S.K.: 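Before we start, here is the structure in question, set down as structure tokens.
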Number of protein chains: 2
Amino acid sequence: MITSFTEENYLKSIYHLSPDEGTAVNTNAIAESLNTKAASVTDMLKKLADKEFINYIKYQGVTLTPLGRERALNIIRKHRLWEVFLVEKLNFKWDEVHDLAEELEHIHSDLLINRLDEFLEFPKTDPHGDPIPDKNGKFNVPELIPISRLKNETLGIISGVREHSPLFLKYLEKTGLVLGQEITIKEQIEFDGSFIISIKENDIMISREVAKNLLIAI
Amino acid sequence: MITSFTEENYLKSIYHLSPDEGTAVNTNAIAESLNTKAASVTDMLKKLADKEFINYIKYQGVTLTPLGRERALNIIRKHRLWEVFLVEKLNFKWDEVHDLAEELEHIHSDLLINRLDEFLEFPKTDPHGDPIPDKNGKFNVPELIPISRLKNETLGIISGVREHSPLFLKYLEKTGLVLGQEITIKEQIEFDGSFIISIKENDIMISREVAKNLLIAI
DNA sequence: TTATATTTTTAGATTAATCTAAAAATTATT
DNA sequence: AATAATTTTTAGATTAATCTAAAAATATAA
């Protein structure tokens, strides 16, 4: 079954908005995430339901069918592999690749993406630490915890982000908070929830907002 | 000025159908090359004229404006660079890359394509021997001559094709008629216009149809 | 549990790209 | 030059994706 760019973006959005497989996603959430209107979403949901990519009950929100989930993961796989390509081979920065990957992810060829996967030597994560599904849609979700939930003196490695905006990523880069960097939580400031962490022998302060969006493997 | 996939395909088609810059391309030719109907072409020509990509006079066919030509060359540049990437980095065969490049050429990013160009070490030609315009749209047209126009005992190097169909390319590959291969024209058979050429010490026969579509640098 | 607020859907338009069928213009032929 | 053939354009529909405004359903609160 062929899917249009638009349909693929809806599937991806529904996938990303599902905390777990069973929980329904509502119309307004999809509309917001795709910068469109609820009425447009309703129209598209009917279409995706006809194509058996989603389970849709009027007024009750939607879940992905196995077919829809497979398709969504395929698009996410493509997105993340293209991001790796852009960063590792074409020297893009991690804050520059998202929009390009949004276009590249819609190139329809499993052969292409599997060859790209091989060319990149089967990376497990993209430049932001997000896992890359393999050709069967399988991937392990690494146990990552935001700094905001860690106790003092915890030692860990920066392994992902919850926020992908270029502004945030540029800030992290400038501050040395890059993937793979070892850090230690030193102290939480009660007043505003900010944190003091140590990185390469230096203590630095990060806001609660940053701490919430920076993921650590311990 | 943003262009849609469709508009880009029209610009490319008009470019490819122009033997030289001044000569007008007619509606039916465009329709045939894009597998669409003349009425659809007329609609699109009006749109492209409004956007100042083409000079369009009713019933008189079209030519590209400098802006349209620039845009067409940019798309062709992308197409050919992606083909090089697919063949050199992802191990695709020269007969497998066209359709994929047709999709990839519409990714909108000059930065991406310039980085790709650099990554591929600024190739001058694509896997079929067609020249790749540089970032300013400049390229040299190599002096290539079809075998059918060469005299006996001419020695030359296979450097391009006039026909890009997978069937033809597969046949060439199988027969050893690949880019860079040195050949000598031995004899033309008057009866059917076929040729005997020598390649790697062997004499082989090729039909007139093949001879017309295989380009040689002498 | 009735009234209010929110969410979602429907109804009806709009835009881009396409189509068929018919009309108009151009080109070729007697 | 008049007629026939071909090419191109117009007129009017269609489809996918979108929108606004209004109606319907669901959720929340007095």
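Note that this is a predicted model, so its numbers are computed, not measured. Letters A, B, ... are given to chains in the order of the sequence lines, protein chains preceding strands, and every chain is numbered from 1. Side chains are part of it too, since the values below use all heavy atoms of this structure and drop only hydrogens, waters and symmetry mates.
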S.K.: Gln60(A) or Tyr10(A): which one's nearest nucleotide on DNA chain D is closer to the 5' end?
M.R.: Tyr10(A)
S.K.: Check this one for me: any side-chain N or O of Lys58(B) less than 4.0 Å away from OP1 or OP2 of dT10(D)?
M.R.: yes
S.K.: Roughly, in whole Å, what's the span from CE in Met44(B) to C1' in dT9(D)?
M.R.: 16 Å
S.K.: Looking at His79(B) versus His98(B), is the centre-to-centre ring distance below 6.0 Å?
M.R.: yes
S.K.: Reckon Lys46(B) has a side-chain N or O less than 4.0 Å from the OP1 or OP2 of dT9(D)?
M.R.: no
S.K.: With a 4.0 Å cutoff (strictly under), does any side-chain N or O of Thr36(A) reach OP1 or OP2 of dC19(D)?
M.R.: yes
S.K.: Any base atoms under 4.0 Å from Ser40(B), or only sugar-phosphate, or nothing? Heavy atoms, all strands.
M.R.: base
S.K.: Taking the six-membered ring for Trp, are Tyr15(B) and Tyr10(B) ring centroids under 6.0 Å apart?
M.R.: no
S.K.: Below 4.0 angstrom from OP1 or OP2 of dT9(D), is there any side-chain N or O of Tyr56(B)?
M.R.: yes
S.K.: Contact class for Thr27(A) (heavy atom, under 4.0 Å): base, sugar-phosphate, or nothing?
M.R.: sugar-phosphate
S.K.: Starting at CG of Leu45(A) and ending at C1' of dT9(C), how long is that distance when rounded to a whole Å?
M.R.: 11 Å
S.K.: Remember a base hit wins even if backbone is also touched, and classify Asp43(B) as base, sugar-phosphate or nothing at under 4.0 Å, heavy atoms.
M.R.: base
S.K.: When you measure from the centre of the six-membered ring of Phe195(A), is the NZ or CZ of Lys212(A) under 6.0 Å away and within 45° of the axis?
M.R.: no
S.K.: Quickly work out the Asp50(B) CG to dA16(C) P distance and round it to whole Å.
M.R.: 11 Å
S.K.: What nucleotide, of dT8(D), dA24(D), dA11(C), holds the atom closest to the side chain of Ala39(A)?
M.R.: dA11(C)
S.K.: Output the rounded distance in Å from NZ (Lys51(B)) to C1' (dT15(C)).
M.R.: 12 Å
S.K.: Is it the case that more than 12 heavy atoms not belonging to Leu67(A) sit under 6.0 Å from its CG atom?
M.R.: yes
S.K.: Can you tell me if Lys37(A) touches the phosphate of dT20(D), counting only side-chain N or O atoms and a distance under 4.0 Å to OP1 or OP2?
M.R.: yes
S.K.: Without decimals, in angstroms, what is the distance between Tyr59(A) OH and dA23(D) P?
M.R.: 13 Å
S.K.: Rounded to whole Å, how long is the line connecting atom CG of Asn26(B) with atom P of dT8(D)?
M.R.: 5 Å
S.K.: Just call it for Thr6(A): base, sugar-phosphate, or nothing, with non-hydrogen atoms closer than 4.0 Å on any strand.
M.R.: sugar-phosphate
S.K.: For Leu177(A), which of Ile158(A), Leu169(A), Val161(A) qualifies under side chain to side chain contact (heavy atoms under 4.5 Å, CB included)?
M.R.: Ile158(A)
S.K.: Could you tell me whether the phosphate oxygens of dT8(D), OP1 or OP2, come under 4.0 Å of any side-chain nitrogen or oxygen in Asn28(B)?
M.R.: yes
S.K.: With a non-hydrogen cut-off below 4.0 angstrom, is Phe5(A) in contact with a base, only sugar-phosphate, or nothing?
M.R.: nothing
